[in-house]
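Excluded from the calculations below are hydrogen atoms, water molecules and symmetry mates; all remaining heavy atoms, backbone and side chain alike, are included. The chains referred to below are lettered A, B, ... by the order of the sequence lines, with proteins before strands, and numbering in each begins at 1.
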Amino acid sequence: MDIKETLEKAIEEAARAAISDGVFPDGELAKIVLEVPPQKEFGDFATNFAMQSARVFRMNPRKIAEELSARIQGDWLDHTQIAGPGFLNFYLKSNVVYDSFRRILEAGEAYGQLPAKEMDTIQVEYVSANPTGLLHVGHGRGAAAGSALVNLLRAAGYPVESEYYINDAGNQMDNLARSVNARYLELLGRNVEFPEDGYHGEDIIDTAKRIIAKDGNRYLDMSEEERLEIFKDLAYKEKLAVLKEDLEAFQVTFDKWFSERTLHPEAIHEAVQVLRENGTIYEKEGALWLKSTDYGDDKDRVVIRDNGVPTYLAADIAYHRNKLERGFGKIINIWGADHHGYVCRVRAAISALGYDASKLEVLLLQMVSLYRSGELVKMSKRTGQSITLNELMEEVGTDAARYFFLMRSLDSQLDFDLDLAKKKSNDNPVYYIQYAHARICSIFRQAEEAGKVLSENPQLELLQDETETALIKKIEEYAEEIEKAAKEYAPQRIARYAYELAGLFHSFYNKCRIMGVDAGLAEARLALVTVTAHVIRHSLGILGVSAPEKM
RNA sequence: GCGUCCGUAGCUCAGCUGGAUAGAGCAACGGCCUUCUAAGCCGUGGGUCGAGUGUUCGAAUCACUCCGGUCGCACCA
């Protein structure tokens, strides 16, 4: 049992004891919240429980705190103090901190991996960009956020499966085929008009070039129809392969790639049939409409058009039905904020299908703005993109790109400063953290040369400097931080934690030496930096950022 | 018009399930390299927490209204 749980239990028992002593009125207890006080003069932990209870007990909060304090004792407690309007501050025996640090040291590489939680698998679906072009920075943020969330949930012990939904059916595929076709004919000297709503990116030209390089002009004499069919398939496969490759380079992989095509037409028909049977779909003006207004949507939505072709929503209804039938306990979708209007209707569809809509959690990612030399990087008018994820990785590196995408809350707009991301100095948080790790590795190298090895049983009590105790306490918070960040789906908390931990290490490093101090102290410090390096590595691992041994 | 998200130091942002003097980094200024990586450390200055009202013993935090910005409001995907 960790120290916080011990404290919580002690507070609760004290409150119950006071109730049975007749000092507090019987009733439900307020929630016990423990926090690390803003200043260390206020002790190791503090609770506002007495203040929270003031209303319930109809008593002066300081009086409540006194009664509690009189009933709390344990070998872990040095003393308590009542402060301010009724805070109860706890000062722990110093061995408590060292004992719990020793357990972390003994856990070694396992520290940071929380015990497996027994529950249904959580599915995280993200990126899911159309395989019609290259990924841009918006997808990059989604990719970083999704993969980090998956890593985070796994570290917290949740069973997780990641998935990419490939929109490989419908208009956009035809469009891709037409665009490649136009480029193909163009390159072979034919005079063609480029489709108005076609994909204008350079990558389409590259695809056409590769087709020519491989197969020459053998598709030239076919009928347009035949050629489009072939190009659709060729282009799509190539686009998907490039996508996978680029994502892998960005440290992003998926457990499952789900093809939209597999939903056409049976799964969609089945889903529509279910809705028809339970009366949540109706016909109007030749089309089939989902009664989404019954579930809080502004208006009903077309599912099957009057020409019989299903809408995008139809596929999504079938897709979400498929997900739910696979038995996930929770399905998390990471979408761009520009899709927020879509959330309501998908929820409506899930309810209409008879499932629990609260199983769906949609995380909306706000937009990314790129800045170079203080100027907003404008989007290209023609392609509607600014720079691709690939170009970004090339310019600032994968580590910096991932960290920058992850350092802000998902629902804040992100200003991505390209110059800062490239800087190799203390302005750049990525290097600041990585540098801490590299410094520790350097210490290890030299310790090894000097013949120092990690002691089996270091005297941790020798770590008395305030930079040392601050570092120890921060490391002890890590497991809880993972738990919280996972619960909030907030990978940015880990980004911040890693940064703060690195800061505490740098302070320690500047103040305390390892080589050339008394052997016992050196051993204890070596143990401290071993754990520090591990936690930095672990947290960067969640973020998908590397932890170099040398810089 | 309706809805989303955001508004905290000159800049970029933490803090938001209400609590003790509102925190970082950058920028500005002043220090620290003959010993483990100065991509580092230590210090100084800097804030009507967008505005208002309400709830509360207590509000940056909750509720409502307003202001500013953002993205969206298709039988497109």
Student: Let me know the distance between NZ of K31(A) and C1' of G18(B), rounded to the nearest Å.
Tutor: 13 Å
Student: F258(A) and Y319(A): aromatic ring centres closer than 6.0 Å?
Tutor: yes
Student: For A46(A), answer base if it contacts any base atom (sugar-phosphate contacts may also be present), sugar-phosphate if it contacts only those atoms, and nothing otherwise; contact means non-hydrogen atoms under 4.0 Å.
Tutor: base
Student: Using the rule given for side chain to side chain contact (heavy atoms under 4.5 Å, CB included), can you reason through L134(A) versus L389(A), listing the C-alpha separation, both sets of side-chain angles and the distance that settles it, and then say yes or no?
Tutor: CA-CA 8 Å; L134(A) 298 170; L389(A) 177 58; over 6 Å; no
Student: Between A74(B), A39(B), A77(B), which nucleotide gets closest to the side-chain atoms of K299(A)?
Tutor: A74(B)
Student: Provide the Watson-Crick or G-U wobble partner of A60(B), both distances under 3.5 Å; none if there is no partner.
Tutor: none
Student: Roughly how many Å apart are A9(B) and G25(B), using the P atom of each and rounding to a whole number?
Tutor: 16 Å
Student: With centres under 5.5 Å and planes under 30°, do F87(A) and G19(B) count as stacked?
Tutor: no
Student: Give S442(A) one of three labels, base, sugar-phosphate or nothing, depending on what nucleic acid heavy atoms sit under 4.0 Å from its own.
Tutor: base
Student: Any strand is fair game: report the nucleotide pairing with G23(B) by Watson-Crick or G-U wobble, both distances under 3.5 Å, or none.
Tutor: C13(B)
Student: In whole Å, I'd like the distance from the CG atom of D297(A) to the C1' atom of A74(B).
Tutor: 13 Å
Student: Give me the distance, rounded to whole Å, that separates C26(B) from A14(B) when you measure between the C1' atoms they each carry.
Tutor: 15 Å
Student: Under a plain distance cut-off of 3.5 Å, with no hydrogens placed, do Q366(A) and S412(A) share a side-chain donor-acceptor pair?
Tutor: no
Student: Starting at atom OH of Y403(A), determine the distance to atom C1' of G25(B), rounded to an integer number of angstrom.
Tutor: 10 Å
Student: Taking donor-acceptor contacts at under 3.5 Å, does the side chain of H339(A) reach the base of G72(B)?
Tutor: no
Student: I'd like the C1' distance from A60(B) over to G47(B), given in whole Å.
Tutor: 12 Å
Student: NZ of K237(A): more than 12 outside heavy atoms within 6.0 angstrom?
Tutor: no
Student: I need the CG-P distance between L364(A) and C6(B), as an integer number of Å.
Tutor: 11 Å
Student: Using the P atom in both, what is the distance from G18(B) to A77(B), to the nearest Å?
Tutor: 44 Å
Student: Sequence neighbours excluded and cut-off under 3.5 Å, please list the side-chain donor-acceptor pairs for residues 526-534 of chain A, or say none.
Tutor:
from    : atom 1 : to      : atom 2 : distance (Å)
T530(A) : OG1    : L526(A) : O      : 2.6
T532(A) : OG1    : L528(A) : O      : 2.8
H534(A) : NE2    : Y111(A) : O      : 2.7

Student: Side chain of R439(A): nearest nucleotide among A77(B), A14(B), A38(B)?
Tutor: A38(B)
Student: F505(A) and H437(A): aromatic ring centres closer than 6.0 Å?
Tutor: no
Student: On RNA chain B, compare the nucleotides closest to G170(A) and F42(A); which residue's is nearer the 5' end?
Tutor: F42(A)
Student: Tell me what Q413(A) touches on the nucleic acid: a base, only sugar-phosphate, or nothing, going by heavy atoms under 4.0 Å.
Tutor: base
Student: Expressed as a whole number of Å, how far does the P atom of U61(B) sit from that of G7(B)?
Tutor: 12 Å
Student: Determine if the base of C73(B) is syn or anti; take syn to mean the glycosidic torsion is within 90° of 0.
Tutor: anti
Student: CH2 of W335(A) versus P of C71(B): gap in Å, rounded?
Tutor: 20 Å
Student: Counting side-chain heavy atoms from C-beta on, which of C75(B), C71(B), C42(B) comes nearest to D338(A)?
Tutor: C71(B)
Student: Please work out if A83(A) contacts a base, only the sugar-phosphate, or nothing of the nucleic acid, heavy-atom cut-off 4.0 Å.
Tutor: base
Student: Need to verify one output field. Residue with the more 5' nearest nucleotide on RNA chain B, A337(A) or G84(A)?
Tutor: G84(A)
Student: Select base, sugar-phosphate, or nothing to describe what K511(A) touches, counting heavy atoms under 4.0 Å on all strands.
Tutor: nothing
Student: Could you state the CG-P distance from D415(A) to U70(B), rounded to the nearest angstrom?
Tutor: 12 Å
Student: When you compare G1(B) with C66(B), how far apart are their P atoms, in angstrom units rounded to a whole number?
Tutor: 10 Å
Student: Under 4.0 Å, heavy atoms only, any strand: does R513(A) hit a base, just the sugar-phosphate, or nothing?
Tutor: base
Student: How would you label the contact of E285(A) with the nucleic acid (heavy atoms, under 4.0 Å): base, sugar-phosphate, or nothing?
Tutor: base
Student: Distance check, C1' atoms only: A74(B) and U8(B), in whole angstrom units.
Tutor: 39 Å
Student: From U12(B), C41(B), C75(B), pick the nucleotide closest to the side chain of T311(A)?
Tutor: C75(B)
Student: How far does CG of L543(A) sit from CG of L406(A), to the nearest 0.5 angstrom?
Tutor: 5.5 Å
Student: Could you work out which one of C6(B), C41(B), C71(B) sits closest to the side chain of Y432(A)?
Tutor: C41(B)
Student: Is the distance between the ring centroids of Y164(A) and Y126(A) under 6.0 Å?
Tutor: no
Student: In whole angstrom, what separates L365(A)'s CG from C6(B)'s P?
Tutor: 13 Å
Student: Answer with yes or no whether N89(A) presents, from its side chain, a donor or acceptor under 3.5 Å of a partner atom in the base of A20(B).
Tutor: yes
Student: With a non-hydrogen cut-off below 4.0 angstrom, is C512(A) in contact with a base, only sugar-phosphate, or nothing?
Tutor: base
Student: Please classify the nucleic acid contact of N48(A) as base, sugar-phosphate, or nothing, using heavy-atom distances under 4.0 Å.
Tutor: base
Student: Check every strand shown and say whether Q52(A) touches a base, only sugar-phosphate, or nothing at a heavy-atom separation below 4.0 Å.
Tutor: base
Student: In whole Å, measure the gap between the C1' atoms of A51(B) and G68(B) for me.
Tutor: 11 Å
Student: Separation of E477(A) atom CD from G15(B) atom P, in whole Å?
Tutor: 15 Å
Student: Could you tell me whether D306(A) contacts a base, only the sugar-phosphate backbone, or nothing, with contacts defined as non-hydrogen atoms closer than 4.0 Å?
Tutor: base
Student: Could you check whether E549(A) gets within reach of a base, just the sugar-phosphate, or nothing at all, counting any heavy atom under 4.0 Å?
Tutor: base
